[in-house]
Amino acid sequence: MNSAPARPPRSLLLVHAHPDDESIGNGATMARYAAEGARVTLVTCTLGEGGEVIPPGPAHLTADRDDALGEYRIGELTAAMGELGVTDVRFLGGAGRYRDSGMMGVPDNDVPGCFWRAEVDEAAGHLVAVVREVRPQVLVTYDENGGYGHPDHIQAHRVALRAYELAADPAFRPELGEAWRIAKVYYNRMPRSVLAQGLAETAAKAPFPGVAEPSDVPGVVDDELVTTVLEGSAYAGAKAAAMRAHATQITVDGPFFALSNNLGQPLVATEYYQLVRGALGEGRPETDLFAGVDAC
Ligand SMILES: [Zn+2]
């Protein structure tokens, strides 16, 4: 009697720049796959030390005062992942290995040890070790512009795509584990028409003093570039709770939220992706990141 070979468990790896990016971009996706029993691994590349702080209580933590925001944001991220049911959370190279580089053009871009200054292959090596350990079929990260031009997001893209290549090369640092080819790579996306409708609703109904511009929102593309749509209404509550857990960074109000600039954006539970490596599974658009993947 032949028994079918056991299929490997589903494993999803997400690479993000700062604590909070994962909940805003992928909160419903992460909650869904965690609830379905997939392995969900988050790798965050910096502690977000350079962020502003919205509430007055912890305002002293910012880099220009106590410079203690990174440690505090580890706690926020831990709480957020609790809301999503995600237990495998790591910082690239260990917590504090790479510092937040700040927005493009600020002096923090040149501080030694910041993520923007990291050598890509060295940083990718840390991620290769994770890839070879958790053996993801699916990798989610940003496009080559980091979604909206933030240096740490651009660097996260470079490191993630480099690790995708290196992890599959048996000649690259075999001490990091057996080579592993990730089947599918996706970029986070926001369809232009969906965003336009969401921003119009935000302008009409949201309680914030202003509304974000499309250029403030990461990953905006023409609708036809979106290959994959994850309808996340069952996880909308978990996503909103995870975003609330990042209280230094995000104000959530009903179906809207704002960052420290206090410009309203729609809080969307449906999340959008563009497949950029590997083959699409069934359905146009796909409704499952693992579509066509040999996993259970
Ligand atoms: Zn970020």
Side-chain angles (χ1 to χ4, degrees), residues 13-30 42-54 61-63 69-81 84 86 89-93 95-106 108-109 111 113-118 123 127 139-161 186-190 195 212-220 239 242-252 257-263 265 267-268 271-273:
L13 174 64
L14 303 103
V15 177
H16 276 289
H18 312 107
D20 80 352
D21 294 316
E22 78 299 321
S23 296
I24 298 168
N26 310 107
T29 300
M30 294 171 76
L42 171 66
V43 174
T44 302
C45 296
T46 79
L47 301 181
E49 297 94 332
E52 297 181 50
V53 170
I54 297 172
L61 298 173
T62 52
L69 186 56
E71 188 71 24
Y72 191 85
R73 291 183 73 176
I74 294 174
E76 291 186 333
L77 182 61
T78 302
M81 294 305 94
L84 300 180
V86 171
V89 181
R90 305 153 187 235
F91 291 97
L92 187 69
R97 174 67 181 82
Y98 299 107
R99 189 177 169 90
D100 188 329
S101 312
M103 300 298 267
M104 191 64 89
V106 304
D108 280 358
N109 295 174
V111 170
C114 82
F115 191 45
W116 184 235
R117 291 275 153 211
L127 192 56
L139 168 67
V140 170
T141 191
Y142 315 113
D143 67 20
E144 61 282 353
N145 189 38
Y148 72 123
H150 191 297
D152 291 328
H153 288 239
I154 294 171
Q155 189 78 320
H157 159 86
R158 292 173 179 168
V159 168
L161 270 287
Y186 291 94
Y187 292 161
N188 293 300
R189 288 306 188 198
M190 170 58 71
L195 179 64
E213 295 291 327
S215 58
D216 297 327
V217 177
V220 180
K239 176 172 181 168
M243 289 173 63
R244 284 181 200 277
H246 291 288
T248 62
Q249 305 301 308
I250 306 173
T251 306
V252 175
F257 75 98
L259 303 174
S260 61
N261 58 17
N262 219 14
L263 300 176
Q265 300 186 35
L267 197 172
V268 287
E271 293 167 349
Y272 301 87
Y273 299 92

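Remember, it's 1-based here, ligands and their atoms both numbered in the order they're listed. The structure presented is a predicted model; accordingly, all values stated were derived computationally and were not measured. Only this structure's heavy atoms are used, side chains among them; waters, hydrogens and symmetry mates stay out.
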Considering just N/O/S atoms, say which atom of His18 is closest to the Zn ion (ligand 1).
ND1

The Zn ion (ligand 1) reached by His153 (N, O or S, under 2.8 Å):
yes

Any N/O/S atom of Asp152 sitting less than 2.8 Å from the Zn ion (ligand 1), backbone or side chain?
no

Can you tell me how far the CD atom of Glu213 sits from the CG atom of Asn261, to the nearest 0.5 Å?
10.5 Å

Side-chain ion pair, Arg99 and Asp108, N-O less than 4.0 Å
no

Asp152 and Trp116 have their tightest heavy-atom pair at OD1-N, 3.9 Å

Return the orientation label for the His153 and His18 ring planes: parallel under 30°, perpendicular over 60°, tilted otherwise.
tilted

